[in-house]
Participant: 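Submitted below is the structure of interest, expressed as structure tokens.
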Amino acid sequence: MPELPEVVTVCKMLKPEIVNKTIIDFQIFYGKLLQRPSISEFKKKVINQKILNISNFAKYIVIELANDVLISHLRMEGKWIVEDLESFAYPERHLEAQFILNNNKALRYYDTRKFGTLELLSKNEYKNIPPLSKLGPDPTKVNVNAVNFHKIVTKSKRPIKTVLLDQSVLSGLGNIYVNEVLFEAKINPNTPANEISLENCGNILKESSRILKKSIEQGGTSIHSFESAAGVTGNYQNYLKVHGKSGNNCVYCGSKIQKEFVGGRGTYFCPKCQK
DNA sequence: CAGCGTGTTGAGGA
DNA sequence: TTCCTCAACACGCT
């Protein structure tokens with residue numbers, strides 16, 4: 001489900017519902033969700049802590065508690081939702097964990113495919129240890145220097161699309177948006193990264209920032225299973241120009257959009273505009 | 001029934 | 001050693 005704009009949307013939706021609430025209990029139904037610490041230690045630490053803030057760090061959700069920090073990654077289909085204790089927005093069999101809050105509501109985690117993660121880290125080190133420490137710059141938050149970016153990108157001979165999906169190079173692009181970015185920058189997804197010019201690196205950065213920010217304004221993209229909260233969906237799917245559009249006419253030249261696989265991921269592009 | 005998917009990691013090979 | 005590819009994770013949908 002979520003790429004960066006969807007994660008930002010989830011944080012915005014949850015913020016007014018959880019900030020200043022206190023966790024009074026925690027239950028977990030799918031043990032592999034929790035990376036660290038152990039379930040018993042996690043429970044002991046988390047109960048009675050007040051929630052101070054929620055924000056995204058690239059595609060990770062960071063929930064700041066009074067003493068510690070919760071880090072969650074939704075991977076493909078994870079969903080955090082605040083619900084009344086007795087109601088369930090999704091099939092209960094996909095409910096993996098819940099924080100009971102002090103207002104008779106629960107902050108719940110559902111995940112159909114069970115790829116998502118949750119961990120509790122200390123406030124002073126969470127940015128300096130994996131997974132957050134390994135992330136490259138987030139183009140929606142930082143003005144990435146094109147010369148530095150070009151130096152890093154051109155170290156690899158892998159297809160440029162694969163390199164852009166590597167979160168240690170640039171954080172925030174997922175498969176949907178990388179298809180859109182390369183289309184707007186008019187770069188073939190299979191181009192070896194070491195052949196990308198400085199100018200094109202600049203274009204990639206410019207389009208990444210522009211497209212991700214526009215999608216954030218639209219509340220993200222609602223395809224497959226994305227819902228930022230029960231019943232709330234984004235609109236960016238209405239702005240997609242190539243992702244999922246094989247056979248459609250290119251909006252710039254009219255050629256048929258093609259699909260192929262690059263690095264094992266579905267890749268959509270215009271064969272004429274993206275030589 | 002087979003193939004596909006919004007993400008990431010670890011194993012194994014070059 | 002470094003770089004890279006690909007299977008694996010798990011499940012619903014076409």
Side-chain angles (χ1 to χ4, degrees), chain A residues 1-11 29-36 56-61 71-80 90-97 109-119 129-136 138 152-182 189-194 208 211-212 215-216 218-228 233-240 242-247 259-268:
Chain A
M1 151 192 81
E3 296 191 33
L4 184 137
E6 293 75 38
V7 174
V8 173
T9 303
V10 170
C11 291
F29 311 107
Y30 183 71
K32 286 158 90 175
L33 168 69
L34 187 61
Q35 311 295 297
R36 56 185 159 177
N56 73 296
F57 193 109
K59 298 181 196 173
Y60 290 82
I61 292 172
I71 310 281
S72 175
H73 198 299
L74 305 173
R75 294 288 178 89
M76 301 289 265
E77 300 199 6
K79 301 166 194 67
W80 283 105
Y90 293 92
E92 206 177 331
R93 51 193 275 257
H94 296 311
L95 177 64
E96 293 192 3
Y109 184 77
Y110 293 89
D111 195 339
T112 315
R113 284 170 75 181
K114 297 181 167 65
F115 291 170
T117 61
L118 174 68
E119 56 197 303
I129 59 176
L132 300 194
S133 64
K134 293 181 300 184
L135 296 170
D138 173 347
I152 293 168
V153 163
T154 51
K155 281 181 185 165
S156 174
K157 295 177 180 172
R158 296 141 85 203
I160 183 61
K161 188 198 179 203
T162 302
V163 171
L164 293 177
L165 285 172
D166 181 341
Q167 303 295 298
S168 70
V169 172
L170 195 66
S171 67
L173 289 179
N175 200 41
I176 297 175
Y177 297 107
V178 80
N179 282 327
E180 297 294 313
V181 165
L182 289 174
N190 272 306
T191 310
N194 61 345
S208 298
I211 288 172
L212 289 171
S215 181
I216 289 169
Q218 295 297 321
T221 298
S222 294
I223 59 175
H224 299 287
S225 61
F226 173 63
E227 285 183 326
S228 54
T233 54
N235 289 317
Y236 196 77
Q237 66 277 9
N238 300 322
Y239 297 86
L240 296 175
V242 286
H243 184 85
K245 306 285 186 187
S246 32
K259 179 188 182 187
E260 61 181 52
F261 285 89
V262 176
R265 307 300 304 277
T267 300
Y268 303 85

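Heavy atoms only: backbone and side chains are in, while hydrogens, waters and symmetry mates are out. Here is how names work: the chains are called A, B, and so on, in the same order as the sequence lines, proteins then strands, and each is numbered from 1. All figures in this text were calculated on a predicted structure; none of them were measured in a lab.
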Participant: Say you pick atom P in B/dT9 and the same atom in C/dG12; how far apart are they, in whole Å?
Facilitator: 25 Å

Participant: Identify whether a stacking contact exists between A/F115 and B/dT8, where the ring centres must be under 5.5 Å apart and the planes under 30° apart.
Facilitator: no

Participant: Looking across every strand, which nucleic acid part, if any, lies under 4.0 Å from A/G263 by heavy atom: base, sugar-phosphate, or nothing?
Facilitator: nothing

Participant: Has A/K59 got a side-chain N or O lying under 4.0 Å from the OP1 or OP2 atom of B/dT8?
Facilitator: yes

Participant: Is the phosphate of B/dT9, meaning OP1 or OP2, less than 4.0 Å from a side-chain N or O of A/K134?
Facilitator: yes

Participant: How many whole angstroms separate atom CZ of A/F261 from atom C1' of C/dT5?
Facilitator: 16 Å

Participant: Tell me if the aromatic rings of A/Y268 and A/H243 count as close, with their centers under 6.0 Å from one another.
Facilitator: yes

Participant: What nucleic acid atoms does A/R113 come within less than 4.0 Å of, heavy atoms only: base, sugar-phosphate, or nothing?
Facilitator: base

Participant: Considering only residues two or more places apart or on different chains, which pairs with a residue in residues 155-176 of chain A satisfy ring-ring contact (aromatic ring centres under 6.0 Å, His included)?
Facilitator: none

Participant: Between A/K259 and B/dG5, does any side-chain N or O lie under 4.0 Å from OP1 or OP2?
Facilitator: yes

Participant: Does OP1 or OP2 of C/dA10 have a side-chain N or O of A/T112 closer than 4.0 Å?
Facilitator: no

Participant: With respect to the phosphate group of B/dG7, does any side-chain polar atom (N or O) of A/R265 fall under 4.0 Å of OP1 or OP2?
Facilitator: yes

Participant: So, OP1 or OP2 of B/dT9: does either fall under 4.0 Å of a side-chain N or O from A/H73?
Facilitator: no

Participant: In plain terms, say whether A/R75 and A/D111 are close enough for a salt bridge, that is, a side-chain N and a carboxylate O under 4.0 Å apart.
Facilitator: no

Participant: So does A/Y30 get a side-chain nitrogen or oxygen closer than 4.0 Å to the phosphate oxygens (OP1/OP2) of C/dA10?
Facilitator: yes

Participant: If a pair means Watson-Crick or G-U wobble with both distances below 3.5 Å, what does DNA chain C look like in dot-bracket form, with | marking bases paired to a different strand?
Facilitator: .||||||||.||||

Participant: Can you check whether A/H243 has a side-chain N or O nearer than 4.0 Å to OP1 or OP2 of B/dT6?
Facilitator: yes

Participant: Please state how far atom CG in A/L74 lies from atom P in B/dT6, giving the value in whole angstrom units.
Facilitator: 15 Å

Participant: Whole angstrom is fine here: how far is it from CD in A/E3 over to C1' in B/dT8?
Facilitator: 13 Å

Participant: Using a strict heavy-atom distance below 4.0 Å, which residues from residues 163-175 of chain A are in contact with DNA chain B?
Facilitator: A/Q167, A/G174, A/N175

Participant: Verify the distance criterion only: is there a donor paired with an acceptor across the side chains of A/Q218 and A/N238 at less than 3.5 Å?
Facilitator: no

Participant: With a 4.0 Å cut-off on heavy atoms, is A/S156 in touch with a base, just the backbone sugar-phosphate, or nothing at all?
Facilitator: sugar-phosphate

Participant: With side chain to side chain contact (heavy atoms under 4.5 Å, CB included) as the test, pick out the partner of A/T267 among A/N179, A/L182, A/V242.
Facilitator: A/N179

Participant: Going by the angle between their ring planes, with limits at 30° and 60°, are A/Y60 and A/H73 parallel, tilted or perpendicular?
Facilitator: perpendicular

Participant: Checking A/S215 side chain against A/I211 main chain: does a donor-acceptor pair fall under 3.5 Å?
Facilitator: no

Participant: Test your reading of the model: is there a side-chain donor-acceptor pair from A/E77 to the backbone of A/T112, 3.5 Å cut-off?
Facilitator: no

Participant: Without swapping roles, check the side chain of A/E96 against the backbone of A/H94 for a donor-acceptor pair under 3.5 Å.
Facilitator: no

Participant: Does the side chain of A/E3 come within less than 4.5 Å of A/T221's, by heavy atoms?
Facilitator: no

Participant: OP1 or OP2 of C/dC11 less than 4.0 angstrom from a side-chain nitrogen or oxygen of A/K114, does that happen here?
Facilitator: yes

